[in-house]
Amino acid sequence: MSKVTVTLPDDFILGAAASAWQTEGWSGKKPGQDSYLDAWYQHDRHVWHKGYGPAVATDFINRFAEDVALMKAAGLTHYRTSINWARFLTDYESGAVDEEYAGYYDRLIAEMARQGIELMLCLEHYELPARLLEQYGGWASKKVVELFTLYAERVFERYAHKVTRWFVFNEPIVVQTRVYLDALRWPYQQSTDTWMQWNHHKNLATAKVVKLFREKGYRGTVGTILNPEVTYPRSTAPHDVRAAQMYDLFYNRVFLDPAIRGEYPAELLALLKKHQVRWQATDDELALIAAHTVDEVGLNLYYPHRVKAPSHAWHAETPFHPSCYYQHFDLPGRRMNPSRGWEIQPQIIYDMAMRMMRDYGNFPWFVAENGMGVEDEARFKNADGQIQDDYRIEFIAGHLYQALRARLAGANCKGYMLWAFTDNVSPMNAFKNRYGLIEIDLDNQRRRRMKKSAHWYRSLRDSGQLTIDIDDEPK
């Protein structure tokens, strides 16, 4: 065991992230402004842990001034959240702005500027208006791409002179994978065709928003937030290596390549054709994607994904599923977060950084989300009632070290953002697993309280140095 101290570069982001739907609550929401998540909660409330959902969340919409003060106390340089598309407009077809909701963001932006924290805004974090899902089939429709571009135009008109770091989507692959590929979430459908159409239309929407942003001459950058799963084969045997490549192709490169390279991988297109996956993409749309790649990407990195060659067969009478090419593999003796069921392996940050250098021309990126959800954190309170989350400090330190190590190795890594600033609602798990630097006390009017990790995060920002005990230098 040796102690290592690494200096944070002066321009290195040290922030935290959240989303509109997971924090704001429904206060002031008007009839017809439900998002996909709101509709899911209303249709299927029993699957959400203890019935908690987005209705109240953390009530950020009414308590943002208190929370921004806590952000400053915790040492955040940046904070990323989303604007709720479903609430920003009162008419999705005409683009009529809800002035009450837009005014809340005017006040939030002003408060964050006053506190010296840079706000980064995402246009869609699962907040597809439920009405557009019902009327058009959501992102299966090109009409929704047009309406999203109109929404982006209205947002930029209102805030682009105040906010200079924009992101089109957060984790654009997630909703359709859970709903249309795996049928794990409401409305529980299984259609690989729909899954791929949603993928394409989100890639197309990204290009359209990038084009709009640049043509309007707004200062700043526009990127997207992706969640590539760093994928390792069980062994170096060719069949296991191939399984990892296939997993990466379907779940990672389907968004990484269009966003950065401006094109879909040729092998992915060939496999979709081979398996008769029916989706539409015109030459003009592919040309638009090629011409309007993003300025940067945020990467949400939580755990490694391990696969092996499949031992099962795919039945042709069911819709094609990419799992015919891989099978999940659990590494014996792996270090685990038992609350979340995820492996803990900080090395994923460094390995992803090396991939960004090798495969994507050292494209600018940052860790947009990384964090540790723990159940029943109240058991770790000290006599003063403060949660002693040393496990979170150790988790952050290990992953942040790998980001800084990658930066020293030449990776174009711009920073590290924690998920999340406060405890907040997650799909289905609700408040079961707590991720925040700040405790949300559900039994006491959602009172906020800094955890031990929040004070540690502030000291990290103040000192500009990370000191960590490591067993040895990773190879």
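- Atom CG of Leu121 sits about 8.5 Å away from atom OH of Tyr159, to the nearest 0.5 Å.
- Side-chain contact annotation: Tyr101 with Glu24, donor-acceptor N/O pair under 3.5 Å present.
- In the model, His200 has a side-chain atom that pairs as donor or acceptor with a side-chain atom of Glu285 under 3.5 Å.
- Side chains of Tyr303 and Asn337: a donor-acceptor N/O pair is absent below 3.5 angstrom, by distance only.
- Ion pairing between a basic and an acidic side chain is recognised when a charged N comes within 4.0 Å of a carboxylate O; Arg434 and Asp376 show no such pairing.
- Side-chain contact of Tyr264 with Asn203: a donor-acceptor pair under 3.5 Å is present, judged by distance alone.
- A salt bridge is defined here as a Lys NZ or Arg NE, NH1 or NH2 lying under 4.0 Å from an Asp or Glu carboxylate O, and Lys452 with Glu394 fails to meet this definition.
- When Arg154, Lys30, Arg87 are each tested for a salt bridge (charged side-chain N to carboxylate O under 4.0 Å, His left out) with Asp98, only one passes: Lys30.
- Ring centers of Tyr41 and Trp186: at least 6.0 Å apart, outside the cut-off.
- Atoms CE and CG, on Met372 and Leu418 in that order, are 12.0 Å from each other to the nearest 0.5 Å.
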Determine whether Trp198 and Thr177 satisfy the following criterion, side-chain contact (heavy atoms from CB on, under 4.5 Å), listing intermediate values before the conclusion. CA-CA 9 Å; Trp198 275 50; Thr177 298; over 6 Å; no
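- When side chains are defined from C-beta on, Leu437 counts as touching Leu76, because their heavy atoms get closer than 4.5 Å.
- Here the CZ-CG distance, from Phe64 to Leu108, works out to 6.0 Å after rounding to the nearest 0.5 Å.
- Between Arg107 and Glu111 no salt bridge is recorded (no basic side-chain N to carboxylate O distance below 4.0 Å).
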Report the C-alpha separation of Tyr247 and Glu229 in whole Å, then their side-chain angles, then the decisive distance to 0.1 Å, and conclude whether the side-chain hydrogen bond (donor to acceptor under 3.5 Å, both in side chains) test is met. CA-CA 9 Å; Tyr247 188 92; Glu229 296 178 87; 2.6 Å; yes
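- Using a 3.5 Å distance cut-off with no hydrogens or angles, the side chains of Trp26 and Asp38 do pair a donor with an acceptor.
- Side chains of Lys202 and Gln176: a donor on one and an acceptor on the other come within 3.5 Å.
- Taking 4.5 Å as the limit, every side-chain heavy atom of Gln347 sits out of range of all side-chain heavy atoms of His399.
- Taking a cutoff of 4.0 Å between a charged side-chain nitrogen and a carboxylate oxygen, Glu439 and Arg447 do not qualify as a salt bridge.
- Checked by atom type and distance alone, the side chain of Asn84 pairs as donor or acceptor with a backbone atom of Ala86 at under 3.5 Å.
- Glu127 places no side-chain N or O within 3.5 Å of a backbone atom of Asp34 that could act as its donor or acceptor partner.
- Checked against Asp295 for a salt bridge (charged side-chain N to carboxylate O under 4.0 Å, His left out), the options Arg165, Arg214, Lys414 give a single hit: Arg214.
- Between the side chains of Glu369 and Tyr416, no donor-acceptor pair of N or O atoms lies under 3.5 Å.
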Please walk me through it: do Asn227 and Tyr302 pass side-chain hydrogen bond (donor to acceptor under 3.5 Å, both in side chains)? CA-CA 9 Å; Asn227 57 311; Tyr302 286 94; over 6 Å; no
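- Under the 3.5 Å distance criterion, the side-chain polar atoms of Arg446 are left unmatched by any main-chain donor or acceptor of Thr58.
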Could you check Glu118 against Thr164 for side-chain contact (heavy atoms from CB on, under 4.5 Å), going step by step and ending with a plain yes or no? CA-CA 9 Å; Glu118 183 172 348; Thr164 59; 4.0 Å; yes
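- Relative ring orientation between Phe60 and Tyr104 is described as perpendicular, the plane-to-plane angle rising above 60° on a 0-90° scale split at 30° and 60°.
- Checking Asn62 against Ser27 by side-chain atom types alone, a donor-acceptor pair falls below 3.5 Å.
- The distance from atom OG of Ser2 to atom CD1 of Ile468, rounded to the nearest 0.5 Å, is 10.0 Å.
- Between Tyr52 atom OH and Phe431 atom CZ the span is 7.5 Å, to the nearest 0.5 Å.
- Residues Tyr401 and Arg405 have side chains that never bring a donor and an acceptor to within less than 3.5 angstrom of each other.
- A 4.5 Å side-chain heavy-atom check between Val210 and Thr293 finds every atom pair outside the cut-off.
- Here Glu377 pairs with Arg392 in a salt bridge; the nearest charged N to carboxylate O distance falls below 4.0 Å.
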Give the intermediate values and the outcome of salt bridge (charged side-chain N to carboxylate O under 4.0 Å, His left out) for residues Arg158 and Glu99. CA-CA 11 Å; Arg158 182 90 178 209; Glu99 287 298 326; 2.7 Å; yes
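- Between Glu146 and Thr149, the side chains place no donor N or O within less than 3.5 Å of an acceptor N or O (distance only, hydrogens not considered).
- Of the candidates Trp85, Tyr126, Trp139, Phe169 forms a ring-ring contact (aromatic ring centres under 6.0 Å, His included) with just one, namely Trp139.
- In this structure, a donor-acceptor pair under 3.5 Å is present between the side chains of Asn170 and Arg80.
- Under the 3.5 Å distance criterion, with hydrogens and angles disregarded, a donor-acceptor pair is assigned to the side chains of Asp351 and Tyr232.
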side-chain contact (heavy atoms from CB on, under 4.5 Å) for Ile344 and Met336? Distances and angles first, verdict last. CA-CA 5 Å; Ile344 298 174; Met336 293 291 293; over 6 Å; no
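- A donor-acceptor contact shorter than 3.5 Å links the side chain of Lys451 to the backbone of Gly436.
- Here Arg63 does not pair with Asp67 in a salt bridge; the nearest charged N to carboxylate O distance is not below 4.0 Å.
- The pair Arg448-Asp441 does not count as a salt bridge, with every side-chain nitrogen at least 4.0 angstrom from each carboxylate oxygen.
- A donor-acceptor contact under 3.5 angstrom links the side chains of Thr467 and Thr5, judged on distance only.
- From His78, atom NE2 reaches atom CE of Met120 across 6.0 Å, with rounding to the nearest 0.5 Å.
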Go through it in stages, so that I can follow the logic: the residues are Met112 and Arg114, the test is side-chain contact (heavy atoms from CB on, under 4.5 Å), and I'd like the CA-CA distance, side-chain angles, deciding distance and then a yes or no. CA-CA 5 Å; Met112 296 204 66; Arg114 190 178 74 84; over 6 Å; no
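- Of the possible polar contacts, one joining the Arg407 side chain to the Cys413 backbone as a donor-acceptor pair under 3.5 Å is found.
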